[in-house]
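Note that these values count all heavy atoms, side chains included, but never hydrogens, waters or copies made by symmetry.
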Amino acid sequence: MCKERYSKKFFEEARISAFTDEEKAAYEDSLKVLRDNQNIVDTAHSEGRTERERASR
């Protein structure tokens, strides 16, 4: 199981390393968007928990 995960990661990194400069820039931009969106969701969940805790007092 662990070997399979590392193999997938290795091949994904090899695929990305073969990108052109333009493809790498687009890939990095898409990662930024994904991370920003995940941070928005995480913050909303955290703030929701905080509001629920305040409301239950």
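Here Phe10 contributes atom CZ and Lys3 contributes atom NZ; the two are 15.0 Å apart, rounded to the nearest 0.5 Å.
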**side-chain contact (heavy atoms from CB on, under 4.5 Å) between Arg5 and Lys8, intermediate numbers included** = CA-CA 5 Å; Arg5 183 175 50 195; Lys8 285 182 181 182; 5.9 Å; no
**Message:** Apply side-chain contact (heavy atoms from CB on, under 4.5 Å) to residues Ile40 and Asn37 and explain how you reach the verdict.
**Reply:** CA-CA 5 Å; Ile40 290 167; Asn37 288 340; 4.2 Å; yes
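By the neighbour-count criterion of 12 heavy atoms within 6.0 Å, atom CD of Glu12 is densely surrounded, having more than that number from other residues, nucleotides or ligands. Within 6.0 Å of CG on Asp21 lie no more than 12 heavy atoms contributed by other residues, nucleotides or ligands.
A salt bridge between Glu13 and Lys9 is present, with a side-chain N of the basic residue lying under 4.0 Å from a carboxylate O of the acidic one. Between Glu28 and Lys24, none of the side-chain N atoms (NZ, or NE/NH1/NH2) sits under 4.0 Å from a carboxylate O, so this pair counts as no salt bridge.
Residues Thr50 and Arg54 form a side-chain contact, since some pair of their non-hydrogen atoms from C-beta on lies under 4.5 Å apart.
With hydrogens and angles ignored, the 3.5 Å screen pairs a side-chain donor or acceptor of Thr43 with a backbone N or O of Asn39.
A continuous path of Ile, Leu, Val, Met, Phe, Trp and Tyr side chains, each step under 4.5 Å between heavy atoms, connects Leu31 with Phe19, placing both in one hydrophobic cluster.
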